[in-house]
Amino acid sequence: MATRTWAPPGGGPYDLERTLCVLARGPGDPAYRVAPDGSLWRASRTPEGPGTLRLTYDGGTVHGEAWGPGADWLLDRLPTLLGASDDPAGFTPRHRLVHASHRRNPGLRLARTGLVLESLIPSILEQKVTSDEAYRAWRLLLQRHGEPAPGPGPGLRVMPDPRAWALIPSWEWHRAGVDGKRAATIVRAARAAARLEEAASMDEADASARLQAVPGIGPWTAAETLQRTNGAADAVTTGDLHLPKIVGYALTGLRGTDDDGMLDLLAPYAGQRHRACRLILLSGVVPPRRAPRFSGRDFSRI
């Protein structure tokens, strides 16, 4: 076990769980756990190998413990993961709802993992399906094709390496409920893993272009990935079924906002549009439902 501590600059408020919760892919994510004692566990495949990270926060300092070949890599980048490179001071709320949410969440930071495939693959799984379908697929694929995380983590699994992703047979994708289009996109991404991982050190525009050079990866998937890997404060998600409607309703009270309308509403937050969306989502203000919840499809039964 290796250890490291990090204190938020200036001694200001910090919210560990809210900062990192976007890295979890559903409540049963095999690579992410919040233990009963409040500690946060993550399993990652780093450039140096698998690693497990345990994090606790005592109100002033984050304490990190790590195991496995990737332990040093994870601890070297611990401050960046926790939002040390994020600049929340540059954000100015321009709507009363955003201002209220900003005031209630002073400890929010934008995490930066520096691991592209780790966020890209689950984002591809989430393309055009319900969250529950995508979370189930991620869970099954890690359980069947990942490996046990090093250290004493609570049943964590490390995702497969690029070669293992590329070698998953068609019937295993089908068993996990992943259609052929998404499976093929993941295989293409795995085969280009070395080039895609370079996006973690690029600026947002170049990183997005690098990801979208892979057929099957569009603006939605690129934005969802860069928000996590690069801590991209301006990577607003377009092409989402729900986000434009939520943003539109929260800021105007009107229903049916589309992508163009959402981008117009977020224009005052240029450079910080993703942060604005995070705060809007944290406000809990959503348009009331007028139709039954969409019923997910089980591709494994087709």
Quick test of your reading of the model: are Glu147 and Arg45 salt-bridged, counting only N-O distances below 4.0 Å? yes

Should Val214 and Trp173 be counted in the same cluster of Ile, Leu, Val, Met, Phe, Trp and Tyr side chains packed under 4.5 Å apart? yes

Would you check if the side chain of Asn105 reaches a backbone N or O of Ser101 as a donor-acceptor pair within less than 3.5 Å? yes

Contact between Asp86 and Arg275 at the side-chain level, heavy atoms closer than 4.5 Å - yes or no? yes

What I'd like to find out is whether the side chain of Ser283 reaches to under 4.5 Å of the side chain of Arg104, using heavy atoms alone. yes

If you count the non-hydrogen atoms of other residues, nucleotides and ligands that lie under 6.0 Å from CD in Glu198, is the total more than 12? yes

Of all residues at least two apart in sequence or in a different chain, which pass the side-chain hydrogen bond (donor to acceptor under 3.5 Å, both in side chains) check with Ser208? Gln212

Just wondering, are more than 12 heavy atoms of other shown residues or ligands nearer than 6.0 Å to CZ in Arg195? no

Linking I/L/V/M/F/W/Y whenever their side-chain heavy atoms sit closer than 4.5 Å, directly or via other members, would Leu74 and Trp41 fall into one cluster? no

Can you tell me if Thr3 and Glu65 form a side-chain donor-acceptor pair at under 3.5 Å? no

Count I, L, V, M, F, W, Y as connected when their side-chain heavy atoms are under 4.5 Å apart, and connections chain through other members. Are Leu16 and Leu53 then in the same cluster? yes

Test log, rule salt bridge (charged side-chain N to carboxylate O under 4.0 Å, His left out), inputs Lys245 and Asp259: CA-CA 9 Å; Lys245 298 179 177 63; Asp259 275 343; over 6 Å; no

His145 side-chain N/O to Pro160 backbone N/O, donor-acceptor pair under 3.5 Å: no

Does the ring-ring contact (aromatic ring centres under 6.0 Å, His included) test come out yes or no for Tyr57 and Trp6, once each step is laid out? CA-CA 9 Å; Tyr57 182 56; Trp6 176 77; 8.6 Å; no

Can Thr221 and Gln127 be counted as having a side-chain donor-acceptor contact under 3.5 angstrom? yes

Leu117 side chain near Pro162 side chain, heavy-atom distance below 4.5 Å: yes

For Thr130 and Glu133, which I'm curious about, is there any donor-acceptor pair between the side chains at under 3.5 Å? yes

